[in-house]
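Read the structure below first, then the notes.
In the text below, chain A, chain B and the rest are named by the order of the sequence lines, each starting its count at 1. Predicted model only: the values in this text are computed from it and were never measured.
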Amino acid sequence: MNKTVSIHLQGIPFIFEEGAYESLDSYLNALRKVLANEPGLEEIIQDVELRIVELVQQQLTGGKQVVEQKVIQEIIAKIGQPKDFSNENTTDAEPHKEQSSKRERRFFRDTEKALLGGVCAGAAAYFNIDVVIIRAIYLIAFLSFGVGGLLYFILWIIIPSAKTSSEKLQMRGEAVNLENMKSELRTATNRIKKGASSLRNNGSVGEIFQKSARIFGISVGLFILLIGTILLITALIFLFIQPQFIPVEINGEHFSLNELLPLVFEKHIDFQRAFWGIGLVLLSITGLCFVTGIRCLKHFPSKILYWSFGFILLSFIGGISLSAMAGINFAQAMDSYGEVEKEVGTYRGTHLVLKNEQKNKFIAGGYTINSEGDDLGFYVKDDNIFFRGVEISYEPSEDSLFHIYQINSSQGKSHEHAIYNARKVKSSSHLMDSIFKISPTYFFPKTCKLRDQKLTYRITVPSNGKIWHEGEIIYPLIDSSAMELRTHGYFSVNGEYSAW
Amino acid sequence: MRKGILEYCILSILNKGEAYPSEILDYLEKAQLTVVEGTIYPLLTRLKNMQLLDYRWAESTAGPPRKYYCITEDGQRFLSELERTWLELQQAVSTITQNKENHE
């Protein structure tokens, strides 16, 4: 005769033999002890108890009501000893640490999947996105904005590569524990073996992939080299030969940057800074293209790579700072605005005629104007800088006379300086009786530098006065669409007049 | 090694449809994969904590309610990763073993 106890297991009542109960109780306690470090312990115990209930119920068929110790021992044998529960888990002896480090991802470069430095592959691992997508986004950004290039190399330099197994796991945000490290090592060995076997075994999928990646790398490399070459040529032309895109000419020839900069900067040192600054920036970008391009085609030691990128970065930063220094000085030189106004002449009458000065004509000051070409820009002749195109504004006169005023304006580092620069602006326009002969070109000495000098004529018109140009009234002129009086005009270098 | 495979198997089983632990054990047994029952309970809980699995309670005709496990979207993603690794491993192993034979 055996003593029995009545118990509830997962809410189901059972009658157990005392020995059966003791076995089960100590079994469950042992389980708790073994799994003490496991998060979700209660749930595991719950699952086990549910299973026990299920198995006990299977045993209680055929009128049996009491659960014997033998049955419980069989069930325990079936489910497994406590050590079986922990058997596989001895490796993750620190499951708590595993949990806490689990979500912690770190940004490493993935050199194993790298095309270049593995920044994209590392980002792909970090954000858990396919690396192809990252590369595509990066390439689009690089081609459309052109900013990515330098960023990539900065990241390449500052982000460490994942070297150890634990770093590789952290890169992918996986828990750093023995189990994962083992699997990481396994895949690494696997990869090496695969690489070795693919050397012997032509035509494997891995090799086809590697080949296509290589071809992709080579074409990217060639493309970058091409860009670098174009940049280099452009930079050299820009620096020393003829930047056609800058509409500046000297004696009919286009300026080089070298000749242009002295017209902008007051001090020789600033012009040197700007020249070398722009030069360094251009050359560092060119160098970047070359190193990257060559790296895509040919592997060379990372030490050389680091050195060259360091050098490139340095010259880039140097170039930017030099340009910035020159830029700040230029900005200071352009700080203040000043204008001077003087009366060119007065005329009594009702008709004032504006007439363009003849082209290619000798003008006061002894300079010959070569007036061919477009409106834009300026040119330099001897010691003067010539600008093309003058503005005219009209307003009602306060008396019965036409008054013509010439307004010179300029920037300068101080108001006095700006005024000084403004005074230096000259024009050969003059009034002869009723005819105002306008020269569409104004000039100032080279020594004044380019300080946004402008020349405007202000003409005041008496109440019944009219201004003519080439047989047409140009003031007062009502704009047929806006019904507004047009109070501005502009003479281009070709002598074409337009009202606005 | 075995643990990884067991996880793979469990996720694969649950990918076909939800199941409670005894059913999972039956599947494994049918496939003649000898597993100590005890190992799968901590595993299920761990997978659930990793949000690869979820479960719901369902009444059963006899006995206590059953815990039906099912796979989550994360789990499916993880499974496809495992599948890929498995295929790679399989391929690598067969490549190596075949090469060995060729050399010998």
Side-chain angles (χ1 to χ4, degrees), chain A residues 9-12 31 34-35 38-51 53-58 75-89 91-92 95 98-99 102 128 175 179-180 182-183 186-187 189-194 196-198 200-201 204-206, chain B residues 1-7 20-26 29 34-51 53 55 57 60-69 74 77-78 81-82 84-100 102-103:
Chain A
L9 249 184
Q10 290 294 312
I12 310 285
L31 272 190
V34 166
L35 300 171
E38 193 77 31
L41 164 70
E42 289 307 322
E43 280 179 283
I44 298 170
I45 299 293
Q46 186 182 52
D47 279 357
V48 173
E49 285 187 5
L50 284 169
R51 178 65 174 163
V53 169
E54 203 175 18
L55 291 172
V56 167
Q57 280 178 332
Q58 280 172 16
I75 288 172
I76 289 172
K78 188 170 166 57
I79 294 179
Q81 291 303 314
K83 67 172 170 52
D84 291 323
F85 279 72
S86 67
N87 189 20
E88 302 270 344
N89 310 334
T91 46
D92 6 331
E98 171 186 340
Q99 284 298 313
K102 177 146 174 45
N128 201 12
E179 189 60 33
N180 275 338
K182 274 200 312 205
S183 80
R186 230 169 11 239
T187 46
T189 3
N190 192 18
R191 205 175 297 122
I192 292 162
K193 281 179 187 162
K194 207 153 78 178
S197 75
S198 73
R200 288 174 282 167
N201 193 356
S204 77
V205 182
Chain B
M1 191 81 165
R2 249 180 72 212
K3 191 176 125 200
I5 292 171
L6 196 54
E7 279 167 340
Y20 62 101
S22 307
E23 276 181 328
I24 296 172
L25 284 167
D26 284 347
E29 215 165 295
T34 44
V35 181
V36 184
E37 271 192 30
T39 52
I40 84 153
Y41 297 112
L43 210 59
L44 284 171
T45 303
R46 217 173 298 143
L47 290 173
K48 192 221 76 181
N49 287 343
M50 284 165 81
Q51 273 138 23
L53 296 182
Y55 66 81
W57 289 102
S60 75
T61 46
R66 284 168 178 170
K67 212 171 174 183
Y68 275 91
Y69 282 93
D74 276 354
R77 232 170 286 137
F78 186 65
E81 261 178 57
L82 281 177
R84 213 181 51 229
T85 328
W86 177 249
L87 284 175
E88 279 171 13
L89 190 72
Q90 209 175 21
Q91 209 179 357
V93 169
S94 68
T95 312
I96 291 159
T97 46
Q98 273 163 22
N99 271 325
K100 223 180 197 173
N102 291 346
H103 275 264

So how far is it from A:Lys78 NZ to A:Ile75 CD1, rounded to the nearest 0.5 Å?
9.5 Å

Sole candidate of B:Tyr55, B:Tyr20, B:Tyr41 that passes ring-ring contact (aromatic ring centres under 6.0 Å, His included) when paired with B:Tyr69
B:Tyr55

Side chain, backbone, both or neither: which part of B:Ile40 has an atom under 4.5 Å from a heavy atom of chain A?
neither

Evaluate the side-chain proximity of B:Pro42 to A:Leu35: yes if any heavy-atom separation is below 4.5 Å, no if none is.
yes

Of the listed A:Leu9, A:Ile45, A:Ile79, A:Leu41, the one with the largest count of heavy-atom pairs under 4.5 Å with chain B is A:Ile79

Under the 3.5 angstrom rule, does the side chain of A:Gln57 hit a backbone N or O of A:Glu54 as a donor-acceptor pair?
no

With a 4.5 angstrom heavy-atom cut-off, is it the side chain or the backbone of A:Ile12 that approaches chain B, or both, or neither?
side chain

